[in-house]
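The block underneath contains the structure these notes are about, expressed in structure tokens.
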Amino acid sequence: MKSGFTLIEILIVLTAIISVLGILFYFLNPIELFKRNRDFQRVNDLKNLELAINAYLLTNPYADLDGNYNSTGYDEAFPSIFVSIPYDKEPIPSTTITDANGKTWNIIQNSSSTLLREINGLGWIPINFTELKTSPITYLPIDPINSYSSGFFYTYAFSRGTKEFELNANLEYSENKYGGKQDKTSKDGGSDNEIYEAGTNKCLIVGNRLYGEITTTTCKQAPILKFPSYPNGASFSCLNPIKITEGQWLLFDNNNEVIPTDTTAVHDGSTSTSLSILTYYVAHKFSRPYFLSYLKVYSSFSAQGNAPYIKYYKNATWTSGIESPYRECYDFTTTSINDITNAWAVGWGSNAHVCEMEAYGCPFNTEPWIRFFGLDTYPYDVKISDEKFEKYYIVAGGKKINSTTTLPWWAKIDVFGNVLLSSTINLQNVTTSIFISVLPVDENGDKYVDHYIFGGFYENTALAVKISSTGSIKWISTSTLENYSSIKSLERTSDGNYIGVGETTSSAYVFKISSSTGQIFNYRVSTSSSICYSPQKLNDIKIFQEGSNVFYLLVGQTLAEGWVGKIDDSGDVLNCLTISNAEALSILPSEIENSYYILVKFKENNNLYYRVIKIKPDSFEILNNEMYNFIPICESFCNLEIRSFANYKNSFYGVGKYNNQGILSISSAKLSTYKLYPSSFLNKIINAIDKDLIIAGYNFSKGGFIMKIDENGNCPNCLSLPYQLNNFSNIFKILQPILQNLRFLP
């Protein structure tokens with residue numbers, strides 16, 4: 001009798017092998033492994049370069065950090081950034097960039113592709129290492145991708161006077177990036193959160209915009225501040241002190257015991273500026289309180305008795321002056337001033353002048369908090385406003401004036417939850433009018449927010465209002481549409497105006513708004529494309545760029561399907577995607593350029609699901625392996641609603657309501673859970689200014705609020721109470737989205 005394998009047995013074995021390989025591919029994810037390995041090379045490359053340049057500086061008394069160039073240091077006439085991109089392969093279109101501090105840098109491609117790695121000054125770094133008897137390096141490393149268009153390359157900058165330098169690289173493995181479990185970019189001691197920084201001064205370039213718009217923080221090379229007591233009485237050390245450059249230097253009379261209202265800056269804090277004063281103080285006014293220490297004051301004076309002294313402003317009064325000894329320059333150490341303060345000042349007698357001022361401090365505790373606006377106030381949207389001296393939260397909503405009238409309402413909140421501005425918009429002959437959306441904008445061109453654009457509805461037509469950051473109304477505008485139209489989401493257009501989306505009772509509309517006059521131009525989403533038909537509802541809009549072209553991504557719903565569309569400035573639909581038995585609710589940019597997360601409500605098998613999908617608007621491809629499910633808490637259609645979502649530390653946070661309770665649903669690739677907030681509904685969630693998350697909503701017993709929660713949804717003494725399920729229900733709810741995700745395994 002012959003022995004052997006049957007065809008069926010072979011097929012079974014092959015199927016098993018393929019299944020195992022598929023599962024291994026899914027969990028090992030070789031693409032991510034390649035990214036991680038490339039990041040490992042980048043970090044090692046920059047460390048080796050740092051060692052090599054330090055060796056060159058230590059052993060060469062005539063060290064020249066820019067080779068054949070002149071005056072390209074940070075502290076010279078033509079501060080420059082050298083890049084690892086060869087000029088003969090990929091010329092960089094920008095010849096200069098302006099960093100986050102407003103400093104202009106020249107961009108230098110020092111080398112051709114054939115000389116890129118040379119160490120004789122002709123490579124991409126202009127240092128001639130061959131000047132040493134033994135070079136500390138045999139070739140210049142370059143990024144493993146080394147492409148400007150892809151965003152992966154190395155940069156180098158230096159300061160000649162201090163012989164300091166900075167090296168930068170862009171990392172691509174998600175866990176190594178800002179907010180990842182192995183975050184290497186925001187914890188490298190540098191000033192830029194999203195790129196990796198090495199060198200002896202990681203704050204030479206604050207906001208290296210060659211890598212795009214990135215957030216910055218204070219360089220962690222600043223002195224560590226030690227405070228004997230915290231506001232709650234505990235001692236602590238400030239590991240990440242802020243060099244205080246915000247606020248303004250002001251001049252006021254010795255007899256004036258309050259900070260002056262004059263906003264004219266009289267000193268910029270640099271050694272190159274000398275300010276002669278007589279019997280005046282020079283004060284620095286903060287835009288928020290600081291736990292202040294390490295006050296450093298430089299001055300020169302002609303006679304003893306004219307020594308400088310400092311005061312600091314606390315609880316609406318100035319402290320008595322602390323005088324320095326008679327010498328040219330003096331440092332007020334951590335023992336000199338050690339308190340929460342809103343301002344500090346330096347004063348002298350006659351014939352004294354300032355040569356430099358410097359201060360470091362810590363913003364005091366920003367743990368979870370809640371701010372209530374009252375039973376008659378209803379917040380619907382909240383955004384971050386990055387203004388010249390501080391970041392704020394701008395809240396949009398409505399305020400009930402009496403039993404028949406509700407007016408549009410807005411508020412400006414600082415990082416601690418303090419209400420700085422709060423106002424309704426007085427409209428005549430109105431019963432119901434509400435702000436639904438807000439867009440902070442920069443109208444002055446200095447890259448800081450100076451105006452807010454609000455969208456909503458006025459009676460039965462769309463409403464738009466422009467307000468300055470100081471609270472003055474610039475214009476109020478309504479559309480010509482009836483049928484209960486509203487503006488639900490806003491963006492800036494490429495020509496400096498605004499674009500919003502919403503709908504009437506019968507059709508979806510796009511609203512174009514003039515920046516100067518507020519005139520609202522209305523048009524429906526075009527039906528000119530044969531592959532797309534108009535949605536009946538639009539919920540959100542986001543701007544995105546493809547090359548030099550600007551487009552807008554819209555989400556909403558047709559009669560029976562979710563709708564995602566791409567339009568141009570004229571409103572023509574260029575491409576679209578429909579999703580069966582669904583509604584597309586909201587958009588978030590992802591960490592990968594030109595890809596977006598979409599919050600979608602699905603109806604499947606008599607159940608209601610909320611899911612995050614990832615799409616690429618250029619091809620409208622849905623990346624199935626990027627799907628995340630918000631946990632359903634009812635087994636048939638019920639009063640469950642997710643209204644807004646945010647992405648924080650690789651998890652998605654959705655907020656809304658379930659019956660008469662606010663719900664926060666937290667979803668990751670492996671686990672989903674949720675919390676209920678009693679007697680509340682939650683309208684909006686965003687990432688907080690410093691860390692964690694911000695929620696805007698309404699509580700039936702306490703009124704409208706914004707609340708800062710931690711990553712687990714907790715806010716002690718706020719509204720957050722864990723909702724207890726029985727053990728079986730907990731296990732079922734956790735396993736259900738994981739089992740659903742198995743559909744997308746290879």
Side-chain angles (χ1 to χ4, degrees), residues 178-179 183 186 193 215 217 227 230-234 236 238-240 242 288-291 340 362-374 377 379-385 390-395 397 411-420 422 642-658 661-668 671 673-724:
Y178 185 30
D183 186 341
S186 69
N193 286 326
T215 60
T217 185
F227 297 98
Y230 201 61
N232 61 10
F236 81 107
C238 180
L239 300 179
N240 301 316
I242 294 175
R288 60 171 167 149
Y290 272 90
F291 207 19
I340 297 174
C362 278
F364 69 78
N365 195 16
T366 56
E367 294 302 314
W369 48 259
I370 192 166
R371 172 65 60 181
F372 289 101
F373 302 114
T377 307
Y380 284 94
D381 192 15
V382 59
K383 294 286 193 333
I384 292 174
S385 178
E390 187 56 280
K391 293 183 179 181
Y392 304 98
Y393 301 107
I394 307 301
V395 187
K412 182 175 183 177
I413 315 295
D414 69 13
V415 71
F416 308 112
N418 300 313
V419 180
L420 306 180
S422 179
I642 301 294
R643 299 185 175 190
S644 173
F645 77 122
N647 187 8
Y648 182 68
K649 291 187 176 180
N650 298 317
S651 292
F652 289 98
Y653 293 74
V655 296
K657 66 176 184 176
Y658 170 57
Q661 301 182 88
I663 181 171
L664 170 71
S665 179
I666 307 173
S667 175
S668 68
L671 179 67
T673 186
Y674 64 91
K675 288 181 177 290
L676 293 181
Y677 298 81
S679 302
S680 302
F681 60 76
L682 310 179
N683 286 323
K684 186 74 173 184
I685 184 168
I686 62 171
N687 295 80
I689 290 171
D690 41 11
K691 66 173 185 175
D692 299 328
L693 297 130
I694 292 287
I695 294 175
Y698 182 83
N699 178 267
F700 299 127
S701 62
K702 297 183 178 180
F705 63 85
I706 68 167
M707 173 173 60
K708 182 177 180 183
I709 62 170
D710 65 21
E711 61 186 284
N712 297 313
N714 296 319
C715 180
N717 303 316
C718 296
L719 296 172
S720 179
L721 294 174
Y723 185 75
Q724 300 297 327

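Residue I685 holds its CD1 atom at 12.5 Å from CD1 of I706, rounded to the nearest 0.5 Å. With rounding to the nearest 0.5 angstrom, the CZ atom of F645 is 13.5 Å from the OG atom of S651. In this structure, T673 OG1 and N712 CG are separated by 9.5 Å, a value rounded to the nearest 0.5 Å. Atoms CD1 and CG, on I686 and L693 in that order, are 9.0 Å from each other to the nearest 0.5 Å. The SG atom of C715 lies 9.5 Å from the CZ atom of F705; values are rounded to the nearest 0.5 Å. To the nearest 0.5 Å, atoms NZ (K391) and CD1 (I689) are separated by 7.0 Å.
Under the 3.5 Å distance criterion, the side-chain polar atoms of Y648 are left unmatched by any main-chain donor or acceptor of N687.
Evaluation of the side chain to side chain contact (heavy atoms under 4.5 Å, CB included) rule for S385 yields E387, I394, P440, V449, Y452 as partners, not counting sequence neighbours. Applying the side-chain hydrogen bond (donor to acceptor under 3.5 Å, both in side chains) criterion to S679, with sequence neighbours excluded, gives no partner residue. Annotation: side chain to side chain contact (heavy atoms under 4.5 Å, CB included) contacts of Y380 (sequence neighbours excluded): Y378, I434, N683. Residues passing the side-chain hydrogen bond (donor to acceptor under 3.5 Å, both in side chains) test with D183, sequence neighbours excluded: T185, S186. Every residue two or more places apart in sequence or in another chain that forms a ring pair (Phe, Tyr, Trp, His ring centres under 6.0 Å) with F681 is listed here: Y698. The salt bridge (charged side-chain N to carboxylate O under 4.0 Å, His left out) test applied to R371 returns no partner, not counting sequence neighbours. With sequence neighbours excluded, the residues satisfying salt bridge (charged side-chain N to carboxylate O under 4.0 Å, His left out) with K649 are E711. Evaluation of the side-chain hydrogen bond (donor to acceptor under 3.5 Å, both in side chains) rule for S680 yields N699 as partners, not counting sequence neighbours. Listed by chain and number, the residues in a ring pair (Phe, Tyr, Trp, His ring centres under 6.0 Å) with Y393 amount to none (sequence neighbours excluded).
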For F373 and V419, run side-chain contact (heavy atoms from CB on, under 4.5 Å): C-alpha distance rounded to whole Å, both residues' side-chain angles, the deciding distance at 0.1 Å, then the answer.
-> CA-CA 9 Å; F373 302 114; V419 180; 3.9 Å; yes
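Taking each heavy atom of K684 and S644 in turn, the nearest pair found is CD-OG, 3.5 Å. Annotation for I663 and K657: closest pair CG2-N, 3.6 Å, computed over non-hydrogen atoms. The nearest pair of heavy atoms linking L664 to L682 is N-CD1, 4.4 Å. Minimum interatomic distance between P379 and G704 (heavy atoms only, all atoms of both residues): CD-CA, 3.6 Å. The two atoms that bring K675 and G713 nearest to each other are CD-O, 3.8 Å, heavy atoms only.
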